[in-house]
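Because the structure is a prediction, the values reported are computed rather than measured. Here is how names work: the chains are called A, B, and so on, in the same order as the sequence lines, proteins then strands, and each is numbered from 1.
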Amino acid sequence: MSSDTRFDPASADARWQHAWDQAQTFRADSNSIKPKSYVLEMFPYPSGRIHIGHVRNYTMGDVLARYKKATGHEVLHPMGWDAFGMPAENAAMEKGVHPGGWTRANIEHMKAQLKRLGFALDWSRELATCEPDYYGHEQALFLDLYEAGLVYRKESEVNWDPVDMTVLANEQVIDGKGWRSGAEVEKRKLNQWFLKITDFAEELLDGLGSLENWPDKVRLMQENWIGKSRGLEFSFDLSGGEKLPVYTTRPDTIFGASFVAVAADHPVAQGLDSDAARDFIALCKRGGTTAAELETAEKLGFDTGITATHPFTGADLPVYIANFVLMDYGTGAIMAVPGHDQRDFEFATKYGLPIPRVVAASAEDAGKPFDGEAEAGEGVLVNSDFLDGMAVEDAKREIIARIEQQGRGQGKTVWRLRDWGVSRQRYWGTPIPFIHCDTCGVVPAPKDSLPITLPEDVDFQTPGNPLLRHPTWKHVDCPKCGGKGIRETDTLDTFVDSSWYFLRFASQPADKPFDKDEIAKWLPVEQYIGGIEHAILHLLYARFWTRALAHMGQIDVKEPFASLFTQGMVTHETYYSTKTVQVRAEGETEYRPMKTLDRFYSPEEIIRTSDGATLKDNGAPVEVGRVIKMSKSKKNVVDPDTIIDTYGADAVRWFMLSDSPPERDLPWSEAGIEGCSRFVHRLWRLFGAFDGGARGADQALDRQVHRTVAAVAEDIESLGFNKAVARIYELTGAVEKAQGSASRSAAVRTLAQLVAPMMPHLAEEAWAAMGQQGLVADADWPTVDPTLLVEDEVTIAVQHKGKLRDTLTAPKGAAREDLERLALASEKVQRSLDGAEVRKVIVVPDRLVNIVT
RNA sequence: GCGGGUGUGGCGGAAUGGUAGACGCCGGGGACUUAAAAUCCCCUGAGCUUUGCUCGUGCGGGUUCGAGUCCCGCCACCCGCACCA
C-alpha cells in the first residue's frame with residue numbers, strides 16, 4: 001500500500017461498519033461453547049440525539065467487548081431504549097406530537113448515530129421499553145410479584161398542581177410552584193401502588209458484601225440509603241391521657257430531651273381543633289416533598305399546648321408540630337435532643353427551648369456550653385442520672401433495657417429504606433394491569449389479556465391524565481364477576497422498565513419475559529457501565545427486582561451486575577458575553593453600572609485562541625467561563641454527528657478514552673480532538689510502512705512490544721483506558737524510531753491489533769492493507785512471551801536526606817551490599833554528604849538506596 | 001441539611017509509602033517548502049548566586065530514613081437525596 005494515501009474516515013467508517021453487519025460479527029450466540037462475557041452499558045433515554053456522554057459510555061463498553069471477543073469469549077453486547085418517560089409527554093404538550101411517534105423517531109435517529117460510531121453491538125437483540133412486546137411481559141412480571149405478595153396499595157402523598165390538574169414530579173416543582181402553571185403546589189394523598197422492597201432490605205444490604213467489583217462509594221451510598229439503624233421505640237404519656245410512640249436512634253441522650261415533635265400528618269397534629277393549628281399544617285403542606293427541601297427549609301414549629309411526661313425525670317415536655325419531622329420514618333414523632341442533634345438544636349434556638357448537655361468529652365466537661373451547634377459525636381454521658389459516666393454505646397443498651405423492663409417500649413431495628421412507590425399518574429408508561437370493580441375490589445388482569453396496550457388516540461391539550469379522561473379505554477368488564485369494571489389508569493415508574501431489561505437482552509422468547517436456562521448462560525452481567533447518578537435508585541431497584549425474581553424461582557441469579565463501573569461526565573468550557581446594566585439598591589438614590597451575563601454562545605459560534613475567545617461573526621471578544629457539564633442552557637454542547645463528520649469515528653472514540661481516567665470528568669476540547677485526529681493519521685502512515693519481508697531482530701523493540709501488549713491488556717481489563725492510550729503512544733514513538741527489521745514489522749502489525757478495540761475502522765483498514773486474513777475484529781489478541789517481560793537491568797535511585805542525589809544502573813537482583821557500595825562511591829553523593837557521618841543506609845532492592853546522616 | 005466524591009505544571013493527567021510531573025494538549029525554537037498546510041526534530045513546573053541548589057501535589061498539623069500516597073483538622077468544588085432518566 002502507498003504511504004502517501006491519506007486515511008479517509010468517511011469512506012473507511014462506512015465500509016467496515018457494512019462489513020461487520022454483513023458478517024454478523026457481533027451477533028451473540030447463546031449456544032457457543034466459548035466462555036460467555038456479558039458487557040452492558042446503561043441504555044439511553046431516546047431524547048432525540050445522542051449526547052457526547054453516551055459516546056463516552058458506549059465507547060468504554062465497546063473497547064471491553066471487542067477485547068473480550070479477541071481473548072476468546074462469546075460476547076453479549078446489546079443496545080436498547082429506555083423509551084417511556086416524561087419528556088415524550090412534554091413534547092406532546094409543547095409540539096402537539098404523539099409521544100409514541102416522537103419517541104420512535106428519536107430512536108431511529110439515535111440508532112443511526114450509534115451506528116456511525118462503529119460500536120460492536122448485537123442489534124438483533126434491540127428492544128424498546130415502550131413497545132407492547134416489552135411492557136406486556138413487564139405486566140406479567142408485575143402480576144407475578146402481586147401473587148408473591150410483593151405488590152400492595154396504600155395512600156401516599158404527591159405534588160399536586162391545582163391549575164394543570166396533574167401530579168408533578170419533584171423536578172417540575174420550582175420554589176414550591178408548578179413549572180408550567182406557576183401555581184402553588186399542594187401535597188395531596190392518593191391511593192398508589194407499591195413494591196415491597198423493604199422485605200428485601202436485609203438481603204440487599206448483605207448482598208453488597210459480595211459485590212467486590214463494585215466501587216466502594218456506590219456500595220457505601222446504597223448501605224446508607226438502606227439505612228439500617230438500631231434504636232428505641234417507646235411511648236410518652238401525653239397530658240390528654242393518650243400515649244405517643246416515638247422512635248430514636250440515640251436513646252442514650254434521653255435525659256437531654258427538651259421537647260417532643262410530631263409530623264404535620266401525625267394523628268396528634270391532625271386531631272387539633274384550632275384554626276392556628278390547621279393554618280400551620282397547611283403551611284407545612286406547601287412546597288416540595290423532597291428530603292432536601294424539607295431539611296434545608298427553615299425549621300418551623302407549632303406549640304400544640306399538649307405536654308408529654310418524661311419517663312425518667314417526670315418533667316413536662318412541650319409537644320410541637322415540626323416541619324422537619326417525617327411521617328414516613330419511624331413513628332412520625334421524635335423526642336428532640338437539641339444538644340446532640342443539629343435539627344433539634346436549630347429548632348430549640350429558634351423557639352427558646354432549653355439545650356441541656358448530656359454527652360461530653362469527659363465528666364469534667366459536663367457544664368461546657370455549646371459552640372453554636374449540636375455535638376453528635378462520641379463521649380461519656382453527663383447530667384443523666386444513672387447513665388452518668390457511661391460510654392454512648394453502653395448507655396444505649398442500658399436505657400433500652402430499662403424501658404423494656406418498664407414495658408414502655410422496646411429496642412427496634414428501623415430502616416431508612418421505604419417501599420418503592422411505582423404509580424405514576426401519566427400516559428407514557430406501562431399500564432398497571434389491574435381492574436377496579438365495585439363488587440370485587442381491585443382485581444388483577446388475567447394474564448391472557450396481556451399486553452394491556454396504551455390507547456393511541458389521546459390528546460395532551462387538556463389538563464389532567466389522558467388515560468383517565470379517555471372515553472373508552474378504561475371501561476372493561478371485571479374478570480371476576482363480569483360486571484362493569486374500570487382499568488387502573490396509573491402507569492409504572494420507568495425505573496421498573498430498567499429493572500429487568502438486562503434479562504430481556506439475554507433471552508427474548510415471544511411467549512414469556514425470558515427463559516430461565518438462557519438467563520443462566522449469560523447472567524450476571526460481567527461488566528456494567530453507566531453514570532454515577534444511578535448509584536442508588538436504578539441499581540438498587542434492579543438488584544431488588546432480580547432478587548424478587550430469584551425468590552419466585554424464575555431465575556437463578558441473585559445479583560445482576562457482577563462488576564460495576566461508574567464513568568465521569570463530559571464537560572466543556574462555557575462562552576458568554578456580558579452587558580452593563582444600571583442598578584440601584586434599595587434605599588440608594590444613584591444608579592450605578594453593573595456587569596451582568598448577557599448570553600451564552602455555543603462552541604460553534606466562537607473562535608478559541610490560546611488566550612481567549614472571539615465571536616466568529618464580528619470578532620468581538622467573549623468571556624471564557626468555567627468548565628462544566630455540558631448542558632443546553634449553557635450552550636456548551638458539542639454534537640457527536642458534527643464531530644464525526646469532521647474527524648471520523650475513530651478520532652472521536654480515541655478522544656473519549658484519552659487523558660482523563662474514565663471515572664473522572666472529561667473536558668471536551670477542540671485542541672484535544674485535533675490531536676487525536678493527528679494521531680489517527682500518524683498511525684496510518686506507520687501502518688503504511690509495514691514491510692512483511694523485512695529481516696533481522698531488534699530485541700529492545702521486541703521487549704517493548706511484549707511489555708506494551710501485556711500492559712494494555714491489563715489496562716483494558718481494569719478499564720484504565722487512559723493508561724492504555726499512553727502506552728500505545730509510547731510504543732508508537734518507539735516503532736517510528738526503530739530501524740527496519742522483522743521485529744519492527746511485527747511491531748507494526750501488533751500495534752494495529754492493540755488499537756483495534758479503540759479505533760476499529762482504522763485497524764480494519766490497516767489489517768487489510770497489510771494483507772492479513774479476515775477481519776481484525778475476529779483476530780485473536782496478540783500473545784505475550786513472558787520471558788521478554790523480565791528486565792535484566794534496573795535504575796536505582798540514590799537519596800541522601802530523603803532527596804534524590806544520583807541514579808545508577810545495576811543488574812536486576814543486585815545484592816544490598818553492592819548497591820550500598822555503588823551508591824556511596826557516587827561522586828554526587830559524596831559531594832552531598834560533604835564528609836558527614838553515615839548513620840544508616842536503607843536499601844530497597846531494585847529500587848533505591850537512601851543514606852541517612 | 002444529610003450522604004458520597006474530587007483537588008498534582010498554562011490544561012487533561014501519570015506515579016505497589018521509594019527518582020513527582022510518564023503520555024497527550026497548549027506554547028516557544030528549528031528543519032522541509034517560493035510560500036502555506038501537513039510532517040519531522042528540540043525545549044517547556046517555579047525560583048536562584050545555574051558543574052548545581054532551593055521550593056513544589058488545595059490549606060494547617062502529624063507518623064516515617066522517606067508522604068501526592070498513611071493519620072488528624074480545615075477549605076473549595078462536584079454528585080445523590082426516593083415522581084428526571
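- Positionally, the nearest nucleotide of RNA chain B for A:Pro667 lies more toward the 5' end than for the other of A:Lys840 and A:Pro667.
- Considering A:Glu155, A:Arg424, A:Gln425, A:Glu157 as possible partners of A:Gln192, the one that fulfils the side-chain hydrogen bond (donor to acceptor under 3.5 Å, both in side chains) test is A:Gln425.
- Within 4.0 Å of A:Lys803, counting heavy atoms only, lie sugar-phosphate atoms of the nucleic acid but no base atom.
- Using a 4.0 Å cut-off between charged nitrogen and carboxylate oxygen, A:Glu488 and A:Arg153 count as a salt-bridge pair.
- Checking B:A22, B:C83, B:A85 against every side-chain atom of A:Glu730, the shortest atom distance belongs to B:A22.
- A:Tyr647 and A:Glu674 form a side-chain donor-acceptor contact under 3.5 Å, judged by distance and modelled atom types alone.
- With respect to A:Asp715 and A:Arg727, a salt bridge is recorded, a charged nitrogen being found less than 4.0 Å from a carboxylate O.
- Among the protein residues, A:Thr795 comes within range of the nucleic acid bases, having at least one heavy atom under 4.0 Å from a base atom.
- Nearest to the side chain of A:Pro87, among B:A85, B:G18, B:G24, sits B:A85.
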Inset, instruction - Verify side-chain hydrogen bond (donor to acceptor under 3.5 Å, both in side chains) between A:Trp500 and A:Tyr134, making sure each step is shown before the conclusion. - result: CA-CA 10 Å; A:Trp500 71 285; A:Tyr134 183 83; 3.2 Å; yes
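- At a threshold of 4.0 angstrom between heavy atoms, the contacts of A:Ser660 are confined to the sugar-phosphate backbone, with no base atom among them.
- A glycosidic torsion no more than 90° from 0 defines the syn conformation; B:G60 lies beyond that range and is anti.
- As judged by a 4.0 angstrom heavy-atom cut-off over every strand, A:Asn722 is placed among residues touching the sugar-phosphate backbone only.
- Ranking B:G24, B:U19, B:G80 by closeness to the A:Ile536 side chain, first place goes to B:G80.
- Contact annotation: side chain of A:Arg426 to base of B:C83, donor-acceptor pair present below 3.5 Å.
- Checking A:Gly675 against A:Ser832, the closest nucleotide of RNA chain B that is more toward the 5' end is the one next to A:Gly675.
- Nucleic acid contact for A:Pro661: sugar-phosphate only, since backbone atoms but no base atoms lie under 4.0 Å from a heavy atom of the residue.
- Comparing B:C70 with B:A22, their P atoms sit 22 Å apart, to the nearest whole Å.
- Within 4.0 Å of A:Gln799, counting heavy atoms only, lies at least one base atom of the nucleic acid.
- With C1' as the reference atom, B:G21 and B:C11 are 13 Å apart, rounded to whole Å.
- With a 3.5 Å ceiling on both atom-pair distances, the Watson-Crick or G-U wobble partner of B:C25 is B:G10.
- Between A:Lys723 and the phosphate of B:A22, there is no side-chain N or O to OP1/OP2 separation shorter than 4.0 Å.
- Scanning atom types as modelled, no donor and acceptor separated by under 3.5 angstrom connect the side chain of A:Glu674 and the base of B:C25.
- No contact: A:Gly531 has no heavy atom under 4.0 Å from any strand.
- Across all strands shown, B:C81 pairs with B:G1; the Watson-Crick or G-U wobble distances both stay below 3.5 Å.
- A close approach under 4.0 Å does occur between a side-chain nitrogen or oxygen of A:Arg664 and OP1 or OP2 of B:G13.
- Contact annotation: side chain of A:Gln192 to base of B:C83, donor-acceptor pair present below 3.5 Å.
- For the P atoms, the distance from B:G7 to B:G12 is 11 Å, rounded to whole Å.
- A:Ser498 comes within 4.0 angstrom of nothing in the nucleic acid, heavy atoms only.
- The gap from the C1' atom of B:G45 to that of B:G10 amounts to 10 Å, rounded to the nearest Å.
- For A:Asn159 and B:C84, the CG to C1' distance is 13 Å, given to the nearest whole Å.
- Within 4.0 Å of A:Ala671, counting heavy atoms only, lie sugar-phosphate atoms of the nucleic acid but no base atom.
- Separation of the C1' atoms belonging to B:G17 and B:C71 is 13 Å when rounded to the nearest angstrom.
- A:Leu220 comes within 4.0 angstrom of the backbone, heavy atoms only, and of no base.
- Within 4.0 Å (heavy atoms only), A:Phe679 reaches no atom of the nucleic acid at all.
- Annotation for A:Phe502 and A:Ala542: closest pair CE2-CB, 3.8 Å, computed over non-hydrogen atoms.
- Look at A:Arg343 and you won't find any side-chain N or O under 4.0 angstrom from OP1 or OP2 of B:G1.
- When each of B:A85, B:A82, B:C78 is scored by its nearest atom to the side-chain atoms of A:Leu417, the top-ranked nucleotide is B:A82.
- Straight-line distance between the C1' atoms of B:A14 and B:C23: roughly 8 Å, to the nearest whole Å.
- With B:G52, B:A85, B:A20 as the candidates, the nucleotide lying closest to the side chain of A:His534 is B:A85.
- With respect to A:Glu736 and A:Arg682, a salt bridge is recorded, a charged nitrogen being found less than 4.0 Å from a carboxylate O.
- Across all strands shown, A:His538 has no heavy atoms under 4.0 Å from either base or sugar-phosphate atoms.
- Atom C1' of B:G30 sits at a distance of 46 Å from the matching atom of B:C75, rounded to the whole Å.
- Nucleotide B:G45 is matched to B:C55 when pairs are restricted to Watson-Crick or G-U wobble geometry with both distances under 3.5 angstrom.
- One can place CG of A:Leu657 at 14 Å from C1' of B:G12, the figure rounded to the nearest angstrom.
- Counting any heavy atom pair closer than 4.0 Å across all strands shown, A:Glu346 reaches no nucleic acid atom.
- Taking atom P on both B:G4 and B:C74, the two are 15 Å apart, rounded to the nearest angstrom.
- A sub-4.0 Å separation between OP1 or OP2 of B:C26 and a side-chain N or O of A:Arg678 is present.
- Side-chain atoms of A:Met569 lie closest to B:C78 of the nucleotides B:A22, B:G24, B:C78.
- When both distances must be under 3.5 Å, the Watson-Crick or G-U wobble mate of B:G68 does not exist.
- Checked by distance alone, A:Asp659 brings a side-chain donor or acceptor within 3.5 Å of a matching partner on the base of B:G12.
- Not one side-chain nitrogen or oxygen of A:Lys217 sits closer than 4.0 Å to the OP1 or OP2 atom of B:G3.
- Looking at heavy-atom distances under 4.0 Å, A:Asn850 makes contact with a base.
- For A:Arg416, whose side chain is taken as the heavy atoms from C-beta onward, the closest listed nucleotide among B:U51, B:U19, B:A82 is B:A82.
- Comparing atom distances between the A:Trp225 side chain and each of B:A85, B:A14, B:C81 picks out B:C81 as nearest.
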Inset, instruction - Check the pair A:Trp81 / A:Asn106 against side-chain hydrogen bond (donor to acceptor under 3.5 Å, both in side chains), numbers first and verdict last. - result: CA-CA 10 Å; A:Trp81 311 94; A:Asn106 287 347; over 6 Å; no
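- Distance from the side chain of A:Thr494 is smallest for B:A85 among the nucleotides B:A85, B:A22, B:C65.
- In this structure, B:C40 forms a base pair with B:G30, meeting either the Watson-Crick or the G-U wobble geometry with both donor-acceptor distances under 3.5 Å.
- Side-chain atoms of A:Met221 lie closest to B:G4 of the nucleotides B:G4, B:G24, B:G66.
- At distances below 3.5 Å, not a single donor-acceptor pair connects side-chain atoms of A:Gln567 with backbone N or O atoms of A:Arg56.
- For A:Asp82 and A:Ser498, the side-chain atoms include no donor-acceptor pair closer than 3.5 Å.
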